[in-house]
Amino acid sequence: MSSLRKMALAAAAASLLGAATAQAETWNMPTPYADADFHTINVRQFAKDVETATNGDLKILVHSAGSLVKHPEIKNAIRSNQVPIGEFFLSLLTNENPVFGVDSLPFLATDYDQAWKLWQASRPVIEKLLEKQRLKVLYAVAWPPQGFYSKFDVTTGGDLKGLKLRAYNPLQQKLAIELGMVPTQVEVPDIPQAFATGQVAAMMTSPATGASSKAWDFVKYYYDVQAWLPKNVICVNIKAFEALPKASQEAVMKAAAAAETRGWEMSKKETVVKTKVLVDNGMVVSKPTPELKAAFEKAGKVITADWVKQGGADAKAILDAYNKM
Ligand code: PCA
C-alpha cells in the first residue's frame, strides 16, 4: 500500500473515530515548497494557529516540498479528498481555465498594491471556479515580483533568442516562445539539476526562489524585471470542511485570514532580503536595459491579448473590476 493511501486510511479512520467520540481530527496537508521557503513557514504558522484555536481538535500535518503529493497532483488530491487540504501554485491551472493565470500576465500587476487589487478583483471568479471542483479557497499569498536569471549577460530581446528557459506555468511557456526562447517545465526542487545538466540556462522567478535554489551556483545575472507577482493558494475540500464542527470551521477561516495578511507582509520583506542574498553571493543584480524591458513588454502584450480572447466573459469581468480599483 502506498504511504499516501495508508495516510488517507489512517485519516479516514481518525475522522470516523472523531465523529463517534468528538475527538481530535488530523489533516494531512501537502505543500510544494521547501521548509525554509516563506510560504511554508507561513503555512506551518497557519496550522499551529488552527490547532491552538481548536484546542487541538483539528491538527494539520504539513508535508512540504511535494513529499506526500507531487506538486502537479496536489489540486486533484484535494478535489478527490485524498487529502483534505493543500497548497499549490494557482497559475498551474491555466490550461483548465485561463482565468487561473491572471496573476501571471506580464506587467498587468507589478507591485504588491496592484497584485493585491488584482487578487480582490479575481477572487470571486476564482472561488466560483474552484468551488465547482469541490475546493474552497482559504487564502492566497503572492510571490515577490518575478525577474530574469541568466547564465549570460542579456541586454536586448535579441540576446534571448534560443535561450533554454525553465518555465513554471503555461503562460510563461507562451511568453518564452514569443521571445524566441525554448521553455521546459521544471519544478522548484529540480531547478539546480536542470541547470547543472544544461537542460536550461535561464529562468524567470522571484528573488525568493533564486535564493532558495542557490542560483549563484549556476547563473551569474539577475535582472529585476518585476514582470508579475504570481500566487500560491491554500484550498480545502468542501466536504471535509463542512464535516468539521462549526467552531473548528470558524477557527480555520480566522487563521486563514491572518495567514493571508501575514503572508503578503512576509513576501514584501522577502523581496528585499533575498535580493540582497543574491548580491552577497556574487551575482550581478541590475535593472533590465530599456531595450530588454521593451522586448518583454512587447511579448507580454501578445500574451495578454490572447488571454483576453480565450478567457471570455470571466476574464473581461476581472479586468473591468481591476481597472476600476
Ligand atoms: N517561485 C515559484 C513560483 C513563483 C516563484 O517566485 C517557482 O519558481 O516555481
Side-chain angles (χ1 to χ4, degrees), residues 30-43 64-66 69-75 86-95 100-112 115 118-119 140-150 164-176 181 183-195 199-219 222-234 263-264 266-278 283 285 296:
T31 74
Y33 306 101
D35 282 327
D37 191 289
F38 79 96
H39 286 287
T40 314
I41 294 170
N42 194 33
V43 161
S64 59
V69 181
K70 294 261 167 277
H71 189 191
E73 282 127 43
I74 292 179
K75 191 269 288 174
E87 176 188 35
F88 56 91
F89 190 49
L90 182 57
S91 54
L92 267 191
L93 312 186
T94 307
N95 282 344
F100 292 126
V102 68
D103 64 13
S104 301
L105 289 174
F107 307 108
L108 177 63
T110 58
D111 64 28
Y112 282 95
L118 186 58
W119 174 223
V141 172
W143 287 92
Q146 306 290 290
F148 192 75
Y149 294 78
S150 170
K164 292 186 201 159
L165 184 86
R166 174 261 166 172
Y168 55 50
N169 71 23
L171 282 164
Q172 207 186 35
Q173 290 178 9
K174 278 193 190 168
L175 182 69
M181 292 187 274
T184 311
Q185 180 83 20
V186 177
E187 286 297 325
V188 170
D190 305 324
I191 289 175
Q193 173 79 359
F195 276 93
Q199 205 190 350
V200 298
M203 64 180 175
M204 257 188 116
T205 185
S206 58
T209 295
S212 71
S213 35
K214 297 193 167 44
W216 48 87
D217 285 346
F218 46 82
V219 292
Y222 176 65
Y223 305 96
D224 184 17
V225 183
Q226 307 192 2
W228 63 85
L229 289 79
K231 293 184 301 293
N232 287 355
V233 67
I234 284 71
W264 283 70
M266 289 171 92
S267 183
K268 274 181 215 170
K269 288 199 189 114
E270 188 81 359
T271 307
V272 181
V273 171
K274 294 298 160 72
T275 304
K276 186 165 179 299
V277 169
L278 300 179
M283 287 189 67
V285 174
F296 275 115

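Nothing fancy with the numbering, it's 1 onward along the sequence. Order of listing sets the numbers, starting from 1, for every ligand and every atom in it.
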Assess, by modelled atom type and distance only, whether the side chains of [X] and [Y] contain a donor and an acceptor separated by less than 3.5 Å.
| X | Y | answer |
| --- | --- | --- |
| Ser212 | Tyr33 | no |
| Asn169 | Ser104 | yes |
| Ser267 | Tyr112 | yes |

Quick one: look up the protein heavy atom nearest [atom] and list residue, atom name and how far away it is.
| atom | answer |
| --- | --- |
| atom 1 (N) of ligand 1 | Thr209 OG1, 2.6 Å |
| atom 6 (O) of ligand 1 | Ser206 OG, 2.6 Å |
| atom 5 (C) of ligand 1 | Thr205 OG1, 3.1 Å |
| atom 7 (C) of ligand 1 | Val188 CG2, 3.4 Å |

Query - Nitrogen or oxygen of Arg166 less than 3.5 angstrom from that of ligand 1 - result: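 Checking ligand 1 against Arg166, an N or O pair does fall under 3.5 Å apart.
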
Query raised in the report: Can you find an N or O of Trp143 that's nearer than 3.5 Å to an N or O of ligand 1?
Result: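 By distance alone, the answer is no.
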
Report task. Report the part of Met203 (side chain from C-beta onward, or backbone N, CA, C, O) that has a heavy atom under 4.0 Å from ligand 1; answer both or neither where that applies. Result ->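 Contact part for Met203 vs ligand 1: neither.
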
Query raised in the report: With ring centroids as reference points, do Tyr168 and Trp143 lie under 6.0 angstrom apart?
Result: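 Between Tyr168 and Trp143, the centre distance exceeds or equals 6.0 Å.
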
Report task. Using modelled atom types only, decide if a donor and an acceptor are shared between the side chain of Thr40 and the backbone of Ala34 within a distance under 3.5 Å. Result ->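 Confirmed, Thr40 side chain pairs with Ala34 backbone.
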
Query raised in the report: Ala140 and Trp119: which non-hydrogen atoms are nearest, and at how many Å?
Result: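 Nearest pair, atom of Ala140 first, then Trp119: CB-CZ2, 3.4 Å.
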
Query - Sub-4.0 Å atoms of ligand 1 with respect to non-hydrogen atoms of Gln146 - result: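 Near Gln146, meaning under 4.0 Å from one of its heavy atoms, ligand 1 has 4 (C), 5 (C), 6 (O).
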
